[in-house]
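Values below: every heavy atom of this structure, side chains too, minus hydrogens, waters and symmetry copies. Reminder, nothing fancy here: chain letters follow the sequence lines and each chain counts from 1.
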There are 2 protein chains.
Amino acid sequence: MKFIFINKKPMQSFAQKYITLAKIFIFYRNFSIFLSVLFSANLVPQVKKYTLRDIAKELNISASTASRALHDNPRISALVRRQVKELAKSMDYQPDFRAMSLRRGSGRTIGVLLPQVDRYFFASVLRGIDEISTEEGYNVLICQSYESLQKEEDLARSLLNGRIDGLLASVSIETRVGPHFEQYVSKGLPLVFFDRALDYLKVSKVVLDDYKGAYQAVQHLIDSGCRRIAHFAGPGHIEIYANRAGGYIDALTKNGIQVDPELIFSGVITQEAGCRAMKRLMEMGVKFDAIFSSGDYSALGAMVCAQQNGIDIPRDLSIIGFSNEPFGALIQPTLSSIDQHALEMGRQAATLLISEINLKNKNQTVFPRKIILDPQLVIRNSTR
Amino acid sequence: MKFIFINKKPMQSFAQKYITLAKIFIFYRNFSIFLSVLFSANLVPQVKKYTLRDIAKELNISASTASRALHDNPRISALVRRQVKELAKSMDYQPDFRAMSLRRGSGRTIGVLLPQVDRYFFASVLRGIDEISTEEGYNVLICQSYESLQKEEDLARSLLNGRIDGLLASVSIETRVGPHFEQYVSKGLPLVFFDRALDYLKVSKVVLDDYKGAYQAVQHLIDSGCRRIAHFAGPGHIEIYANRAGGYIDALTKNGIQVDPELIFSGVITQEAGCRAMKRLMEMGVKFDAIFSSGDYSALGAMVCAQQNGIDIPRDLSIIGFSNEPFGALIQPTLSSIDQHALEMGRQAATLLISEINLKNKNQTVFPRKIILDPQLVIRNSTR
DNA sequence: GTGAAAGCGCTAACAG
DNA sequence: CTGTTAGCGCTTTCAC
């Protein structure tokens, strides 16, 4: 560990500070070099944070008038309105969100609870949500469960504390039941699931038609001449994975191909798991000419493993994934997959949630709805 | 567009509702089929949201006692503390964040303003931030500028409205000056930049040693025998890209290789731009045996373009990127790159910000610091 | 048109 | 140990 002083001036007066600094540095990982630049201390005069009262006092009006003026209340004279707005701008007045939200009972904020944003699918959904929320003047509060039920419960509960007007959620891989979500229903807070939904809860959902996507994928494999099609399934208790398995089974049977349980592997959604499943397939010595995987990552694992064993894709083996992650277009061969319209899913979910919030605010009954998006088969070079 | 009714019961009573529903559907894109399921109306009795006063009344104590009990104030008797906590739990009491934050003057919330989360680098930084913030009991408010200065300004200003105790920011590609950030300084709100920082602002920063990373990358190319090394530079006004270009130039000169301006392309950070630059290189008819790109996406564009033109990588041409995006390990050949320690950058930035918030709360002077992380050369198969 | 006053839910000073 | 009171900054009756 190394410290470099850039500041050329004698540091005498800063010595004390620096000791604290050095202590803090001890926490840092040793793969990094820390170059600590001690700028001149920030002695900018602390500007007061202005409130409505400050504006009011300045103009010799009351706070309520100032408030009304800023909100373009027609009962306030045009002159006062202009004065207030101008002063507010020149003072760089920022209304206190908390006070406003507390008083009004709503802060125009929606919560988003999802497993993690560092997956392209979820990041895209988020973008769709962001788009609509911004249009509608809503703020978005994002929480990541990192696939942990414990964290999900904590977050769901703490989001309940008055900060949000409604919740968009996609459950963690560990979640099977959702008492922490039922609270939203019983407190009358709109809740909309997207993608990974809890089937039994009577709330709105926006999901992909996973069954159809799987069916199309498998039909595509069959059409291109495959007959012995293996399936990498996800955890069975999550609806979307169950539906993908259902589509797989139905596509086979409808085409007069018998379902071979030996060819179905459960809980395979990571690259490593995909690789392991591929190895097992080869060791078993069974015949197979295609894999339909519930996810792109496990498809990738299988593909890499197959290639390492001299299997040519798609000549000897066709592989199709699910999700259409961007890397699918970059690998060799490019990966066929099912696109989930993530952006649109986010837009729909946000639109639905906001409409439910509006209904609720008008004291109208909210009827849970289910919006099912149509999957899109993306054929690339990993299938024939 | 198609509607399918799953509900088998006569829909008479829902007809009116359905008209509204149908109208909403008009907004939906036509690539999707919407399957609208009308569940039975949600008639769960609306549970009241409990306040401290409800708890207090129930136990015949005052609200302040209840508040103190929940906060484990030692002045409250153990008995009362237990009673309050138990009742709170059984009523599923959730403190109102807004009221607490308003009264206390702090809601233990930090804001994060970044270009977009649907890039792995930023998502990873976010994860690091999330980790530390959670540990320290802070909430995180995420805002995306989508590389738009306008949006960045709006967000920076609206974040100023009392909701946050400090801001972590990475500026948009359009940002050259930051009056919207200077406000934080003048209002005494801690501000820490990460990765894309505004150089002239005297605030804390956590960045990668881009110069060093670039130098190492180019040195690696030289060591492996390359002499005519092209550079895809980013927008010059952003410090990190300028530093990468600096490292490139210095590595060449220190090794006695003359810098050829013809081999330097500016503003090349997307896949398309990388492809265009590659084409131009080939058309120019100049000799070149390597490319050092400021980003992985532009490196990818060059690689694909080169391969399409029968250039073998790394035999005929070495390519090295910057960022170590995950796709680099998946493409053929795998892409050499510079890892930016995104997760660690997030951790450091959050740690630094929180320490500044604490200092400020103790009315101590905050000295801006600059933490420079050490880059890591990741050698894969796109270089020799 | 505008102001005074009350209060959203919580906490902190001041009493006792 | 606990209650009373005041007030964070805003909006919203209810007056005039």
Side-chain angles (χ1 to χ4, degrees), chain A residues 48-85 87-88 91-109 139 158-165 187 361, chain B residues 48-85 87-88 91-109 139 158-165 187 361:
Chain A
K48 191 190 177 303
K49 231 169 65 184
Y50 294 109
T51 72
L52 264 188
R53 285 244 278 281
D54 298 319
I55 295 184
K57 216 173 284 171
E58 189 80 22
L59 293 171
N60 278 319
I61 54 173
S62 74
S64 27
T65 304
S67 166
R68 282 188 273 247
L70 284 177
H71 288 287
D72 265 326
N73 187 317
R75 293 191 332 197
I76 303 295
S77 72
L79 174 70
V80 174
R81 263 193 269 175
R82 222 195 38 242
Q83 286 179 323
V84 170
K85 283 185 184 172
L87 185 58
M91 290 165 92
D92 198 58
Y93 164 77
Q94 292 292 137
D96 191 308
F97 192 83
R98 301 162 297 182
M100 204 176 105
S101 165
L102 184 60
R103 180 62 238 250
R104 291 228 266 226
S106 156
R108 287 188 85 78
T109 300
N139 301 296
S158 88
L159 275 172
L160 216 49
N161 56 14
R163 274 180 299 182
I164 61 169
D165 301 310
K187 300 220 171 178
N361 288 345
Chain B
K48 190 191 178 303
K49 231 169 67 184
Y50 293 109
T51 74
L52 265 188
R53 284 244 277 284
D54 297 321
I55 295 185
K57 214 172 286 171
E58 189 81 22
L59 293 170
N60 277 320
I61 56 175
S62 75
S64 32
T65 304
S67 167
R68 285 188 272 250
L70 284 176
H71 288 287
D72 264 325
N73 186 316
R75 293 189 333 197
I76 302 295
S77 74
L79 174 70
V80 174
R81 264 193 269 174
R82 221 195 38 241
Q83 286 179 325
V84 170
K85 284 186 185 170
L87 184 58
M91 289 164 93
D92 198 58
Y93 164 76
Q94 292 293 136
D96 191 307
F97 192 84
R98 302 163 298 181
M100 206 173 107
S101 166
L102 184 61
R103 181 63 237 248
R104 292 227 266 223
S106 156
R108 288 187 85 77
T109 300
N139 302 296
S158 87
L159 275 172
L160 216 49
N161 57 12
R163 274 181 297 182
I164 61 170
D165 300 308
K187 302 220 170 177
N361 288 345

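Taking the screw axis at each terminus of the helix from dG1(C)-dC16(D) to dG16(C)-dC1(D) from five consecutive base pairs, the angle between the two is 40° to within rounding of 10 degrees.
One can place CZ of R53(A) at 12 Å from C1' of dA5(C), the figure rounded to the nearest angstrom. One can place CG of L102(B) at 8 Å from C1' of dC10(D), the figure rounded to the nearest angstrom. The CG-P distance, from L52(B) to dG7(D), rounds to 20 Å in whole Å. Between the NZ atom of K49(B) and the P atom of dC8(C) there is a distance of 13 Å, rounded to whole Å. If you measure from atom CE of M100(B) to atom P of dG9(C), you get 16 Å, rounded to the nearest angstrom. Rounded to a whole Å, the CG atom of D96(B) is 6 Å from the C1' atom of dG9(C). One interatomic measurement links the two molecules: CG of L59(A) to P of dT2(C), which rounds to 11 Å at whole-angstrom precision. Atom-to-atom, CZ of R81(A) to P of dT2(C) comes out at 10 Å; the value is rounded to the nearest Å.
Put simply, the residue from D54(A), I55(A), L87(A), V84(A) that forms a side-chain contact (heavy atoms from CB on, under 4.5 Å) with Y93(A) is I55(A).
Between S64(A) and the phosphate of dT2(C), there is no side-chain N or O to OP1/OP2 separation shorter than 4.0 Å. Taking 4.0 angstrom as the limit, T65(B) places none of its side-chain polar atoms (N or O) nearer than this to OP1 or OP2 of dT2(D). Side-chain nitrogen and oxygen atoms of Y93(A) include at least one within less than 4.0 Å of the OP1 or OP2 phosphate oxygen of dC10(D). Phosphate proximity of dG9(D) to T51(A): absent, as no side-chain N or O sits under 4.0 Å from OP1 or OP2. Considering only side-chain N and O atoms, S62(B) lies nowhere under 4.0 angstrom from the phosphate OP1 or OP2 of dT2(D).
Comparing I61(B) and R104(B) by the nucleotide of DNA chain D that holds the closest heavy atom to each, the one mapping nearer the 5' end is I61(B).
Here N60(A) lies in heavy-atom contact (under 4.0 Å) with sugar-phosphate atoms only. Using a 4.0 Å heavy-atom criterion, one finds that R75(A) contacts the bases of the nucleic acid, with or without backbone contacts as well.
Across all their heavy atoms, S106(B) and R108(B) have their closest contact at OG-N, 3.2 Å.
You won't find any donor-acceptor pair under 3.5 Å spanning the side chain of R68(B) and the base of dT11(C), going by distance alone. The base of dG9(C) lies outside donor-acceptor range of the side chain of R103(A), with no N or O pair under 3.5 Å.
Using a 4.5 Å heavy-atom threshold, the side chains of R81(A) and N73(A) count as separate. Counting only heavy atoms from C-beta outward, the side chains of T51(A) and D96(A) never approach each other to under 4.5 Å. Put simply, the side chain of L52(A) reaches to within 4.5 Å of the side chain of L70(A), judged on heavy atoms. Put simply, the side chain of D92(A) reaches to within 4.5 Å of the side chain of K187(B), judged on heavy atoms. D165(B) has its side chain out of reach of N361(B): every pair of non-hydrogen atoms, C-beta onward, lies at least 4.5 Å apart.
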- prompt: Passes side chain to side chain contact (heavy atoms under 4.5 Å, CB included), K85(A) versus D72(A)? Steps please.
  reply: CA-CA 10 Å; K85(A) 283 185 184 172; D72(A) 265 326; 2.8 Å; yes
